[in-house]
Amino acid sequence: MKTFEELDKLFGKSEQAFLVTKSPFSEEAVLVYGNAAAAALTGINMKETAGRRFLDLGDRWKEERHIHHSAFDDDLCLVMVVDKAESERAAMAAYAESCRNMERALAAANDANQAKTKFLSEMSHDIRTPMNAIVGMTDIALKYAEDTVRVEDCLKKIKVASGHLMGLINEVLDMSRIESGKLVLTLEDFQLVDLIHSIVIVIKPQAEKKGLHFHLEMGEILQENLQGDAMRIRQIYTNLLSNAVKYTEDGGDVYMRLSQEQGENGMIRLLAEVEDNGIGMPPEFLEHIFEPFERERNTTHSKIEGTGLGMSITKRLVEMMNGSILVESKKGAGSKFRVCLEVECSGRGAAFEKNALAGQKVLVLQGEKEKLERLPEMLRRFGMEADVASCGMEAVDLLNDADISGMNYFAMLTCDKLADMELSLFLPEVCARKGRDFPILLLSESDWTEEEYLLGRAGVTSFVPLPLSESRLAEALYAYTEEGRSRQKLSESKPRKNHQNSHILLVEDNELNREIALEILSSTGVQIDTACNGQEAVDTFLAKPEYYYGMILMDIQMPVMDGLEATRRIRSLDRVDASAVAIVSMTANAFAEDRKRSIEAGMNAHITKPIDVEQLLECLDQWCGR
């Protein structure tokens, strides 16, 4: 048994009143120890109580106290004496704190509900606006079906409105997937220049339409070929740039600055800065800018449309990539966003292109010097020579000098705008002198699909997107070397397979989608059966002899039975061909986790809608009748 002194070392300095008795505890239990707090509570000198019973301490002090006891050591019992009033005060304090926590939670829930209610109210307007345009323009087009000019105008407006509506829907769906944890990032190879060019051709026209000046500034680039989720990186940058354009007044400036730093473990830090001199944001809004459903203005009145989800989605995507995003802004003075993302290096390279280019000489029509300023030095790193002309007339002089000396240029690289003449009129003259096979490469920030009809017929043979990329430029030039032409002929000589004796099963519940797929596939001669849901697909497959179908094209979301379950049922059938037949998902579910679920269900490949004709035909060649 512990002595009084040993017990005093344990409890003597405690402000809580403790008594120690022999076990078991009862009114008859013999007291062994009491600390100073217990002496003050009972009014008894505890050293004099040793050997007395607990009941000998009297009852008066017990009336306003709670007594709690528990085993202590093998033969002792620890008794804790608590002031009832103090205990109640503590309980009341805990209850009050609990109430305050509940009030805060309720207030947060109410704020969230109000934000969602406000969001739905404003979204109702924002969704109805493009919907009204689509419905209205469709009615007008139907009314004036014979007027091709008017119909074309209506279709263009419908395309714009439907694109805006799709953007609104995508943001809501993205936020839902992020909140539920279902958004999965994909790891794919991409070229940085392609990513930036795809952003520029969207943002630059928007800026020019508002009378803004868009500036793209490229810093040090360590690696052009990267690995990461290119679609989501593009979404981050596009969200920031779209907001910069949206909230900058006419005549303003929007900047995008991009550079790289070496990260840890071979990673590359992608550093982006988006800055504008627009309306800016007040400090009180900056605190909430990344919260869902927040918009700095009431867009219904300001005519600035959006969901209020873009910045929240942007921040979540950045965090999913282990990156960071910072914002600086001042009301009336514009905003600046800094984004740091970590991406992996891709093994893809262009060394063989550069080696094949060494010793070749090209004519460079530079135009605006700042856009193609790096081009001559880049060509020198390929081992190439370059004659540089700043305008069309200088290019003519260089061509004349080359003809006189008997020197032939390997190719001509040109900008998209000349100061002294129209490019579409100049290029045919070059082709007339050098021949239609003379390589003319257009280097431009513009969308090639908009320029292709005019400049392609004028003589442009290849398009290289700006900003300049060594690997992309080398790839484009390599195509015109003897080695590159040989490779191209080899790939083009590969004939498309004959499928006239093949059978496929097309499973699609949507009649229009089924019609589109049938039209595309019919050009191959393949024989096609159709089913409208997963159960019909299983029954149709069972009704045919083994190895009748070379491939099944399977939609995912269908009534009665979905495509995933139908695939699992087919794979589990007691037939030799059940595990061998190729099953390809053809669905609007385009996310990485959708692709993963398709493969896990037993599918061989995954095609997303809207259907890409070439992708579908390549899939048919690859999988049908393997």
Is the backbone of Glu445 close enough, under 3.5 Å, to the side chain of Lys204 for a donor and an acceptor to pair up by distance?
no

Evaluate Arg257 against Glu275 for salt bridge (Lys or Arg N to Asp or Glu O under 4.0 Å), listing each step before the verdict.
CA-CA 9 Å; Arg257 305 180 183 96; Glu275 184 177 6; 2.8 Å; yes

Kindly give the heavy-atom pair with the smallest separation between Tyr409 and Leu363, and that separation in Å.
CD2-N, 3.7 Å

Going through the checks in order, is the side-chain contact (heavy atoms from CB on, under 4.5 Å) test met by Lys331 and Ile279?
CA-CA 6 Å; Lys331 189 73 173 177; Ile279 63 174; 5.5 Å; no

If we count only N and O atoms by modelled type, under 3.5 Å, do the side chains of Thr461 and Tyr480 hold a donor and an acceptor together?
yes

Tell me if the NZ atom of Lys157 is crowded by more than 12 foreign heavy atoms within 6.0 Å.
no

Atom pair CG (Leu413) and CE (Met378), whose distance is rounded to the nearest 0.5 Å:
11.0 Å

Step-by-step side-chain contact (heavy atoms from CB on, under 4.5 Å) determination, Leu286 to Ser329:
CA-CA 8 Å; Leu286 280 178; Ser329 187; 4.0 Å; yes

Main chain of Met393, side chain of Asp420: is a donor-acceptor contact present, judged purely on distance under 3.5 Å?
yes

Distance only, no hydrogens: is a donor on one side chain within 3.5 Å (strictly under) of an acceptor on the other, for Ser390 and Gln366?
no

Answer whether the closest heavy-atom distance between the side chains of Leu372 and Val388 falls below 4.5 Å.
no

Salt bridge flag under 4.0 Å for residues Arg338 and Glu328:
yes

Are side-chain heavy atoms of Thr414 and Leu441 found at a separation under 4.5 Å?
no

Per side chain to side chain contact (heavy atoms under 4.5 Å, CB included), Leu226 is matched among Glu344, Gln260, Gln191 by Gln260

Flag side-chain contact, heavy atom, 4.5 Å: Leu222 against Gln262:
yes

Pairwise distance CD1(Ile203) to CD1(Ile196) - rounded to 0.5 angstrom
11.0 Å

Below 30° counts as parallel, above 60° as perpendicular, anything between as tilted: where do the rings of Phe337 and Phe290 land?
perpendicular

Mind checking whether Gln360 and Leu379 have side chains closer than 4.5 Å, heavy atoms only?
no

Could you report the tightest heavy-atom contact between Gly251 and His213, atom names first, then the distance?
O-CD2, 3.7 Å

Side-chain contact test, heavy atoms from C-beta onward, threshold under 4.5 Å: evaluate it for Leu473 versus Phe382 and give yes or no.
yes

Evaluate Met321 against Ile236 for side-chain contact (heavy atoms from CB on, under 4.5 Å), listing each step before the verdict.
CA-CA 11 Å; Met321 297 180 189; Ile236 290 168; 4.2 Å; yes

Search all heavy atoms of Pro205 against all heavy atoms of Val200 and return the closest pair with its distance.
CD-O, 3.7 Å

Test item: Val274 and Asp276 side chains (from C-beta on) under 4.5 Å apart, heavy atoms
no

Rounded to the nearest 0.5 Å, how far apart are CD of Glu261 and CE of Met267?
14.0 Å

Any side-chain heavy atom of Ser312 sitting closer than 4.5 Å to one from Thr314?
no

Return the minimal non-hydrogen interatomic distance between Cys345 and Gln227, and the atom names on each side.
O-OE1, 4.0 Å

Quick one: pull up SG in Cys391 and CZ in Phe426 and give me the separation to the nearest 0.5 Å.
9.0 Å

Going by atom types alone, do Glu273 and Tyr255 pair a side-chain donor with an acceptor below 3.5 Å?
no

Taking CD in Glu264 as the centre, count heavy atoms belonging to other residues, nucleotides or ligands within less than 6.0 Å. Is the count above 12?
no

Closest non-hydrogen atom pair between Leu564 and Ser598, with its separation
CD2-CA, 3.8 Å

Cationic tip of Arg234 above Tyr237 ring, under 6.0 Å, 45° of axis:
no

From CA spacing to verdict: side-chain contact (heavy atoms from CB on, under 4.5 Å), Asp562, Gln557
CA-CA 5 Å; Asp562 64 48; Gln557 294 187 4; 6.0 Å; no

Does the Asn277 side chain pair with the main chain of Asp253, one donor and one acceptor, at a distance under 3.5 Å?
yes

For a quick check under 3.5 Å, do Glu220 and Ser259 share a side-chain donor-acceptor pair by atom type?
no

Okay, side chain of Ser162, backbone of Lys159: is any donor-acceptor separation there less than 3.5 Å?
yes

Is the side chain of Thr248 donor-acceptor paired with the backbone N or O of Val245 at a distance under 3.5 Å, no angle test?
no

Can Glu377 and Arg374 be counted as an ion pair, charged N to O under 4.0 angstrom?
no

Rounded to the nearest 0.5 angstrom, the SG-CG distance for Cys340 and Leu271 is 5.0 Å

Check: Asn243 and Met311 side chains under 4.5 Å, non-hydrogen atoms
yes

Looking at Gly280 and Ser335, what are the two nearest heavy atoms and their distance?
CA-OG, 3.8 Å

From CZ (Phe410) to OG1 (Thr481), nearest 0.5 Å:
6.0 Å

Indicate yes or no for a side-chain donor-acceptor contact from Thr238 to the backbone of Gln235 under 3.5 Å, with no hydrogens or angles considered.
no

Consider only side-chain N and O atoms of Glu342 and Asn322, and report whether a donor and an acceptor are under 3.5 Å apart.
no

His197 side-chain N/O to Pro465 backbone N/O, donor-acceptor pair under 3.5 Å:
no

